[in-house]
Amino acid sequence: MKIVAGVATDIGRVREGNEDSYLVEPPLFAVADGMGGHRGGEVASQLALETIEERFRAGEGSLSEQVRLANRAVFDRSANDRKVAGMGTTLTAAIVTGEQAHLVHVGDTRAYLLRAGAMRQLTQDHTLVARMVRTGEISAEEAEVHPHRNVLTRVVGTEPDVVVDEETIGLLEGDRLLLCSDGLTGMVTEDQIRAILEAATNAQEAADRLVRAANRAGGVDNITALVLEAVVGDEDPAEHPADAVRTMPAPVAPPATRTDATALDRRRLIRWGVVAAAAAVVLLVGFFAFRAWLDTRWYVGVSDGGNVAIYQGIPASVLGFELSHIEVETPIAAAQALATGFHDGLNEGINVGSRSEANQLVAQIRKDVGQATRGSKGGSP
Ligand code: MN
């Protein structure tokens, strides 16, 4: 048997750069998904795959050891170059011959095997939600829409060393192996992936159709699909592209680390930030306008001490805040003013148009109280 490869990568519909990289250097194949903002993501995924390819050619160690060397290379570059500090990459790589596939994996890129119409995931995501699904905290359906579904628990290049998952499977004629970035699996359901992978007439068509499907579904992330098919025939190791590691030629990418949010999430955040800031301005302007308006309002009411008083503001409170304050407290007892029968509204506050109207009203109350007092004195000889 021999292996036929098909590969497609696309920037997607949202991102400004393609941080995915792939490697087609039979029998070595890989997909990497970089992260780390600006140039970081592209550098990390490309550097990791270049390192693996280099060490593989040099026959240095096993594939998982080559991944650990790649980890070290990304880590060192990140530590020495401020522009790419903190970068990292996920990756799934495989040495695939006609007889078997030896897989290594770190992060949330994935490998799937389609055999006789059934598809199964060969890799386990190193994400927080995958761990939560395994421990039964959340269901697989909940994981798909979980706000932290992009948080990775294992990454190549962010620590001095990394633990690498490994698996070897035997291959049968007609098997189709898919290595892909989360820009595919985050957009297209496994059922759809299985259907496309099965229906395509060859590996390249499958890869192209998978990327198209992810773009049709929104394409919020970079998409890479690498399809390998075990077909009858002799292996021909000479038949492969010259430049093995390829990424999209892309300008500077926006800051996007998958450890906190996708670029889309970030854009949403920025959008909501603008809305929130606008709302805050409206509230603030409203608040000051209201304050200014309050200052033009006056009423005559009763002080805590039971005297007639002139208030600035309105006789009300909001959330425990009084919307008025006493400007002048008179020595006139409110009880006496009420007793005149002319000023029943005192307890609730008698609204007036201005400070001088308030003064006039107080003068009137004083007069009324004086007359009532004299009247009662005169009326009871
Ligand atoms: Mn991705």
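Numbers here are sequence positions counted from 1. Start at 1 and go down the list; that is how both ligands and their atoms are numbered.
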Metal site the Mn ion (ligand 1): N/O/S of Asp221 inside 2.8 Å: yes
The Mn ion (ligand 1) contact by Asp182, N, O or S atom under 2.8 Å: yes
Name of whichever N/O/S atom of Asp33 is nearest to the Mn ion (ligand 1): OD2
Short side-chain to backbone donor-acceptor contact, Asp81 and Arg77, under 3.5 Å: no
Summary of salt bridge (Lys or Arg N to Asp or Glu O under 4.0 Å) pairs that have at least one residue in residues 294-309, sequence neighbours excluded: none
Which residues share a ring-ring contact (aromatic ring centres under 6.0 Å, His included) with His102, sequence neighbours left out: none
Polar contact flag, side-chain donor to acceptor under 3.5 angstrom, Thr92-Thr109: yes
